[in-house]
Amino acid sequence: MTLADVAARAQVSPATVSRVLNGNYPVAASTRERVLKAVDELDYVLNGPASALAAATSDLVGILVNDIADPFFGIMASAIQSEIGGPGGRAGGERLAVVCNTGGSPERELTYLTLLQRQRAAAVVLTGGAVEDPAHGAAVGNKLRRLAEAGTRVVLCGRPPVPEAIAITFDNRGGGRELTEHLIGLGHRRLGYIAGPEERTTTRHRLEGHRAALAAHGIEEDPRWTVYGRYDRLSGYEATLELLRRDPTLTAVVAANDTVALGACAALRDSGLRIPDDVSVAGFDDLPFSIDAVPSLTTVRLPLSEAGARAGRIAMGREEAPPGGIATVRGELMVRGSSGGPRVG
């Protein structure tokens with residue numbers, strides 16, 4: 001089937017069919033509906049690569065995540081994808097979302113950005129924290145600048161702002177401080193902290209918030225109280241055992257995220273300790289399983305789905321960019337059963 005066949009079936013000119021499929025010119029709703037119906041009836045498939053060459057960008061939208069198996073990224077990616085359809089693209093306005101799983105590799109991140117540039121992606125959304133390496137940061141900035149110059153909309157979601165993109169960023173410092181202040185308010189003075197990978201911005205910002213709360217209340221941090229690891233359950237389990245080995249008198253454990261907190265809870269139980277009677281536990285993100293943990297997890301809720309949906313709308317040009325190109329989203333403290341006052345005696 002050819003473009004002319006579709007035009008004949010819809011009783012319009014080939015130029016009108018092209019306008020509908022390319023989404024680059026206003027067409028009356030009734031005409032557009034007639035053309036799309038003919039496309040469906042004839043099972044006409046647009047030549048994507050050729051169409052992309054003729055246009056500034058293609059129908060491809062890239063979503064970069066660190067680990068798609070992590071609910072933190074899965075929730076955001078799903079919300080972004082839910083917003084990328086609708087009028088404006090070719091083939092009736094639909095777009096193809098491609099989730100690029102970097103596995104935390106800076107090299108893979110750069111590779112995916114290069115591939116998306118070659119494909120003339122309509123938009124690229126990068127989710128989660130960045131790697132704190134000046135050379136990598138400069139390389140990413142260069143890639144994002146080239147994408148933007150080629151007409152690709154670039155949006156960051158849950159990632160620190162950079163000049164080359166619009167950013168929806170999370171207040172990880174503020175959330176980390178509020179979480180630790182809650183535990184201090186309950187009477188805790190010996191708090192272990194399980195941080196994420198040292199090279200990640202999210203790790204540093206959440207830890208800075210934790211330390212700011214300790215300093216504000218005159219609590220001197222013992223270097224033994226912080227252990228770095230991955231953002232997974234096993235890391236939380238192993239780090240908690242290490243914290244208990246270093247200082248068995250700890251009365252609270254603050255985890256870098258909820259998945260790490262689950263591992264911490266398991267390690268405490270296996271060590272014969274009760275939560276929160278002996279040791280309180282707190283996480284971060286308020287992932288769906290947090291409320292079903294036993295006891296339910298005290299955490300900081302980040303509006304991951306809402307932020308992802310907003311990033312998707314901005315990427316598609318259906319919502320204005322925030323003033324200055326940056327929107328900071330605050331978390332909400334969720335106090336649940338895993339935190340309580342420290343044991344006495």
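For clarity, every value in this text was computed on a predicted model and none was experimentally measured.
Arg330 contributes no side-chain N or O that, together with a main-chain N or O of Phe170, makes up a donor-acceptor pair within less than 3.5 Å. With hydrogens and angles ignored, the 3.5 Å screen pairs a side-chain donor or acceptor of Thr240 with a backbone N or O of Gly236. Counting only distance, with no hydrogens or angles, the side chain of Asp285 and the backbone of Asp258 share no donor-acceptor pair below 3.5 Å.
Taking every heavy atom of both residues into account, Val253 and Ala264 meet most closely at CG1-CB, 4.3 Å.
When Arg206, His188, His210 are each tested for a side chain to side chain donor-acceptor pair (under 3.5 Å) with Thr180, only one passes: His210. Tested against Leu156, the residues Ile168, Leu64, Val162, Thr169 include a single side-chain contact (heavy atoms from CB on, under 4.5 Å) partner, Val162. Between Arg211 and the choices Glu181, Glu221, Glu220, the salt bridge (charged side-chain N to carboxylate O under 4.0 Å, His left out) rule is met once, by Glu221. Under the side-chain contact (heavy atoms from CB on, under 4.5 Å) test applied with Met334, the options Leu297, Asp286, Val300, Ile291 reduce to a single match, Asp286.
The existence of a salt bridge linking Glu332 and Arg301 is excluded, since no basic side-chain nitrogen approaches an acidic carboxylate oxygen closer than 4.0 Å. Taking a cutoff of 4.0 Å between a charged side-chain nitrogen and a carboxylate oxygen, Arg246 and Glu242 qualify as a salt bridge.
Environment of CZ in Arg190: crowded, with over 12 heavy atoms of neighbouring residues, nucleotides or ligands closer than 6.0 Å.
Taking the side chain to side chain contact (heavy atoms under 4.5 Å, CB included) definition, one finds that Arg34 meets it with Val12, Thr31, sequence neighbours left out.
Side-chain contact between Glu83 and Glu319: absent, with no pair of heavy atoms (C-beta onward) separated by less than 4.5 Å.
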Derivation of the side-chain hydrogen bond (donor to acceptor under 3.5 Å, both in side chains) call for Asp270 and Tyr237: CA-CA 10 Å; Asp270 288 351; Tyr237 187 95; 2.7 Å; yes
